[in-house]
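The block underneath contains the structure these notes are about, expressed in structure tokens.
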Amino acid sequence: MTTSASVPADSPSATAGGGSVTDRLVEANRKYAAAFTDPGMDARPVLQVAVVACMDARLDLHAALGLELGDCHTIRNAGGVVTDDVIRSLTISQRALGTRSVVLIHHTGCGLESLTEEFRHDLEMEVGQRPAWAVEAFRDVDQDVRQSMQRVRTSPFLLHTDDVRGFVFDVKTGLLREIDPA
């Protein structure tokens with residue numbers, strides 16, 4: 001299987017006509033739009049589920065979970081950790097758009113395992129301002145999934161906290177491993 005990741009970013013063939021990556025994406029959108037037909041879907045996910053996952057480019061969530069367009073809300077960030085902004089998105093997903101289940105997916109080999117909060121200090125030294133956000137780095141992916149499940153389950157803003165499950169996606173095998181919340 002060939003992916004765009006197999007072409008080095010600095011390669012002339014990485015973008016059509018030597019344009020930027022964004023130019024390539026916009027051109028791909030033009031081709032997509034030429035064949036696009038409105039699927040007539042509602043913004044409410046058919047399966048009433050929200051998936052919170054890491055932004056890692058190796059995770060093709062729809063393929064890995066057997067999902068189709070319109071099945072779920074997908075919320076992604078570095079590490080797939082449950083931050084205030086994730087709670088914000090889940091609250092809107094539940095209260096305005098009817099989701100009831102939450103699936104959390106972290107993965108093996110996550111870049112956040114190699115960072116520390118020192119990253120914030122380095123940024124402060126470089127730009128002269130300390131970021132207001134935490135890096136949310138971790139060493140134990142299972143424990144971080146447990147912490148994320150706990151943050152969802154204890155949020156006062158969420159209506160549905162009884163069906164919250166957490167998993168670790170193995171980037172080598174493609175398999176999910178469920179994490180016991182205890």
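The structure displayed is predicted, hence computed values, not measured ones.
Of the possible polar contacts, one joining the N77 side chain to the V81 backbone as a donor-acceptor pair under 3.5 Å is found. R120 contributes a side-chain N or O that, together with a main-chain N or O of P131, makes up a donor-acceptor pair within less than 3.5 Å. In terms of modelled atom types and a separation under 3.5 Å, the side chain of Q94 and the main chain of L159 share a donor-acceptor contact. A donor-acceptor pair is defined here as one N or O able to donate and one able to accept, closer than 3.5 Å; no such pair exists between the side chain of S89 and the backbone of V86. The backbone N or O of V102 sits nowhere less than 3.5 Å from a side-chain atom of H160 that would complete a donor-acceptor pair. Not a single donor-acceptor pair under 3.5 Å links the side chain of S155 to the backbone N or O of R151. Between the side chain of T99 and the backbone N or O of A50, no donor-acceptor pair lies under 3.5 Å. In this structure, the side chain of R165 does not engage the main chain of V103 through any donor-acceptor pair within 3.5 Å.
In this structure F138 satisfies the ring-ring contact (aromatic ring centres under 6.0 Å, His included) test together with H106, sequence neighbours excluded. Applying the side-chain contact (heavy atoms from CB on, under 4.5 Å) criterion to E118, with sequence neighbours excluded, gives T116, H121, D122. Partners of S101 by side-chain hydrogen bond (donor to acceptor under 3.5 Å, both in side chains), not counting sequence neighbours, listed by chain and number: D163.
Looking at heavy atoms from C-beta onward, R76 lies in side-chain contact with L61 at the 4.5 angstrom threshold. Looking only at side-chain heavy atoms (C-beta outward), H62 and T74 come within less than 4.5 Å of each other.
Clustering ILVMFWY residues whenever any of their side-chain heavy atoms sit less than 4.5 angstrom apart, transitively, puts V51 in a cluster other than the one holding I87. I75 and F169 fall into different hydrophobic clusters, where Ile, Leu, Val, Met, Phe, Trp and Tyr are joined by side-chain heavy atoms under 4.5 Å apart, directly or via other members. V52 and V49 fall into different hydrophobic clusters, defined by Ile, Leu, Val, Met, Phe, Trp and Tyr side-chain heavy atoms under 4.5 Å apart, directly or through other members. By the criterion of side-chain heavy atoms lying less than 4.5 angstrom apart, applied directly or through intervening Ile, Leu, Val, Met, Phe, Trp or Tyr residues, L115 is grouped together with W133 in one hydrophobic cluster. Tracing side-chain contacts under 4.5 Å through hydrophobic residues (I, L, V, M, F, W, Y), one reaches V168 starting from V152; they form part of the same cluster.
Shown here for L112 and E136, the closest heavy-atom pair between the two residues is CD1-O, 3.7 Å. The two residues C110 and C54 come nearest to each other via the heavy atoms SG-SG, 4.2 Å. E113 and V141 get closest at one heavy-atom pair: OE2-CB, 4.1 Å. Between V171 and H107, the closest heavy-atom pair is CG1-ND1, 3.7 Å. The shortest heavy-atom contact between L97 and P45 is O-CD, 3.6 Å. C72 approaches L67 most closely through the heavy-atom pair SG-CD1, 3.6 Å.
For E68, the CD atom is loosely surrounded, since the number of other residues' heavy atoms within 6.0 Å does not exceed 12. For CG of D84, the number of neighbouring non-hydrogen atoms (other residues, nucleotides, ligands) closer than 6.0 Å is 12 at most. Residue-environment remark: OH (Y32) stays at or below the threshold of 12 foreign heavy atoms within 6.0 Å.
To the nearest 0.5 Å, the span separating CG on D142 from CG on D180 amounts to 10.0 Å. Atom-to-atom distance recorded for I92:CD1 and F157:CZ is 12.0 Å, nearest 0.5 angstrom. Distance OG1/T108 to CG/L175: 10.5 Å, rounded to 0.5 Å.
Taking 4.0 Å as the cut-off between side-chain N and carboxylate O, R139 and D144 do not count as a salt-bridged pair. Salt bridge status for E117 with R130: absent, with no side-chain N to carboxylate O gap under 4.0 Å. One finds a salt bridge joining D56 and R58 here, because a Lys/Arg side-chain nitrogen approaches an Asp/Glu carboxylate oxygen to under 4.0 Å. Ionic pairing of R30 and E27 is present here: one or more N-O contacts between side-chain nitrogen and carboxylate oxygen are shorter than 4.0 angstrom.
Checking each of V82, V164, L158, D162 against R153 for a side-chain contact (heavy atoms from CB on, under 4.5 Å) leaves exactly one that passes, namely V164.
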